[in-house]
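Below is one structure, written out as structure tokens; comments come after it.
Nothing fancy with the numbering, it's 1 onward along the sequence.
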Amino acid sequence: MGGKIITGTEDIFMKTRIETERLLIRNFEAKDAEGLFAYLAHPRVNCFIDERLGTMEEALADVERRSKEGLQYAVCLKEEDSIIGNLFAAKEEPDTYSVGWNFNEQYEGKGYASEAARAFFNFLFTKMDARRIYAYVEDDNIRSQKLCERLDMRKESHFIEFISFIKNPDGTPKYENTFVYAILKKDWELSRKINIRLPSKHYSNP
């Protein structure tokens with residue numbers, strides 16, 4: 001599976017385009033509002049409850065916000081350039097990135113999330129000089145746990161009643177048990193040598 005990364009030379013956050021065999025990972029555009037609304041109108045996991053969209057007007061505003069934020073990307077089917085999910089990251093100085101993903105369940109079971117996340121990790125390690133990448137995953141989010149394992153991330157921690165996204169019926173916070181998965185750049189590079197699923201490295205500038 002090949003991967004190609006195209007970035008603007010002056011501001012990597014403003015113009016990024018990552019291509020894989022089947023996918024295009026790029027900055028958000030106004031046309032993504034309908035596709036984003038399709039899966040954020042009813043978030044499947046509690047960690048995205050705060051991102052729930054109630055109207056198309058909210059979706060348009062959300063896409064506009066995401067288009068101006070660094071490391072917020074739409075994941076699109078390459079041929080149609082239609083959004084099926086999103087990836088995001090936040091830098092923790094000096095060289096650590098927390099990451100996350102959210103995909104439309106209509107496209108599950110096709111390997112799209114793995115394909116997108118591998119290309120994204122490759123981008124962070126090679127273009128953003130990441131040394132360590134990690135992700136929080138709630139203990140009932142089995143799909144994301146399996147994705148982390150396919151990305152060769154190790155399970156480092158299990159926090160009990162770590163965070164609350166929703167409330168119990170009596171109004172008290174419902175606390176989630178949360179895993180931390182992580183991978184170092186040196187382990188990623190080793191994994192690429194022995195795992196043909198990972199994208200090869202090829203870059204070009206516009």
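- Between Lys78 and Glu21, the shortest heavy-atom distance links the atoms NZ-O, 3.6 Å.
- Atom CD of Glu79 is surrounded by 12 or fewer heavy atoms from other residues, nucleotides or ligands within 6.0 Å.
- Between the OG1 atom of Thr16 and the CG atom of Leu71 there is a distance of 7.5 Å, given to the nearest 0.5 Å.
- The aromatic rings of Phe179 and His158 sit tilted relative to each other, their planes meeting at an angle between 30° and 60°.
- Clustering ILVMFWY residues whenever any of their side-chain heavy atoms sit less than 4.5 angstrom apart, transitively, puts Phe125 in the very cluster that holds Tyr181.
- Minimum heavy-atom separation, Asn168 to Pro173: ND2-O, 3.2 Å.
- A salt bridge is defined here as a Lys NZ or Arg NE, NH1 or NH2 lying under 4.0 Å from an Asp or Glu carboxylate O, and Lys110 with Glu108 fails to meet this definition.
- Between Asp32 and the options Arg65, Arg26, Arg66, a salt bridge (Lys or Arg N to Asp or Glu O under 4.0 Å) holds for only Arg26.
- Expressed to the nearest 0.5 Å, how far CD1 of Ile83 lies from SG of Cys76 amounts to 5.5 Å.
- In this structure, Asp81 and Lys31 approach most closely via the heavy-atom pair OD2-NZ, 2.6 Å.
- The existence of a salt bridge linking Asp129 and Lys185 is excluded, since no basic side-chain nitrogen approaches an acidic carboxylate oxygen closer than 4.0 Å.
- Tracing side-chain contacts under 4.5 Å through hydrophobic residues (I, L, V, M, F, W, Y), one never reaches Phe28 starting from Leu24; they form parts of separate clusters.
- At a threshold of 4.5 Å between side-chain heavy atoms, the hydrophobic network of Ile, Leu, Val, Met, Phe, Trp and Tyr places Leu36 and Val75 in two separate groups.
- The CZ atom of Arg143 sits 12.5 Å away from the CZ atom of Phe103 when rounded to the nearest 0.5 Å.
- The side-chain heavy atoms of Thr178 and Val137, taken from C-beta on, include no pair separated by under 4.5 Å.
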TODO: Check the pair Lys91, Thr96 against side-chain contact (heavy atoms from CB on, under 4.5 Å), reporting the backbone distance first and the verdict last.
DONE: CA-CA 6 Å; Lys91 185 177 183 180; Thr96 293; over 6 Å; no

TODO: Applying side-chain contact (heavy atoms from CB on, under 4.5 Å), run through Ile183 and Leu151 and close with a yes or a no.
DONE: CA-CA 9 Å; Ile183 188 167; Leu151 294 167; over 6 Å; no

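- For Asn104 and Tyr112, the side-chain atoms include no donor-acceptor pair closer than 3.5 Å.
- Between Ser98 and Glu92, the closest side-chain pair of non-hydrogen atoms falls below 4.5 Å.
- Annotation for Met153 and Ala135: closest pair CE-N, 4.1 Å, computed over non-hydrogen atoms.
- Distance check: Asn141 CG to Cys47 SG gives 6.5 Å after rounding to the nearest 0.5 Å.
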TODO: Let me see the working for Arg52 and Leu40 under side-chain contact (heavy atoms from CB on, under 4.5 Å), right down to the final yes or no.
DONE: CA-CA 5 Å; Arg52 176 185 287 155; Leu40 280 184; over 6 Å; no

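- Side chains of Glu176 and Asn46: a donor-acceptor N/O pair is present below 3.5 angstrom, by distance only.
- With hydrogens and angles disregarded, no donor-acceptor distance shorter than 3.5 Å links the side chain of Ser191 to the backbone of Asp152.
- Side-chain contact check for Arg154 versus Asp187: some heavy-atom pair is nearer than 4.5 Å.
- Summarising the geometry, atom CZ belonging to Arg22 is positioned 8.0 Å from atom CD1 belonging to Ile84; distances are rounded to the nearest 0.5 Å.
- Under the 4.5 Å side-chain criterion, counting only non-hydrogen atoms from C-beta, Leu23 is in contact with Leu77.
- Among residues at least two apart or in separate chains, salt bridge (charged side-chain N to carboxylate O under 4.0 Å, His left out) pairs with a member in residues 130-141 are Asp95-Arg131, Arg132-Glu156.
- Other cluster members for Phe165: Ile49, Tyr134, Tyr136, Phe159, Phe162, Ile163, Ile166, Val180, joined by side-chain heavy-atom distances under 4.5 Å among Ile, Leu, Val, Met, Phe, Trp and Tyr.
- Across every non-hydrogen atom of Tyr97 and Met128, the tightest pair is OH-O, 3.3 Å.
- You'll find the side chain of Trp101 reaches within 4.5 Å of the side chain of Leu147, heavy atoms only.
- Put simply, CZ on Arg17 and CD on Glu19 are 4.5 Å apart, with the number rounded to the nearest 0.5 Å.
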Task: Test side-chain contact (heavy atoms from CB on, under 4.5 Å) applied to Ile133 and Phe120, step by step - done: CA-CA 11 Å; Ile133 293 173; Phe120 191 45; over 6 Å; no

Open item on the list: Walk me through whether Lys193 and Glu189 qualify under salt bridge (charged side-chain N to carboxylate O under 4.0 Å, His left out).
Closed with: CA-CA 7 Å; Lys193 292 179 181 178; Glu189 291 174 342; over 6 Å; no

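- Between Phe121 and Trp188, the two ring planes are tilted [angle within 30° to 60°].
- Closest approach of Ala116 to Leu87, counting heavy atoms only: O-CD1, 3.8 Å.
- Judged by distance alone, the side chain of Glu64 and the main-chain N or O of Leu60 form no donor-acceptor pair under 3.5 Å.
- Each of Tyr73 and Val63 belongs to its own hydrophobic cluster when Ile, Leu, Val, Met, Phe, Trp and Tyr are linked at side-chain heavy-atom distances under 4.5 angstrom.
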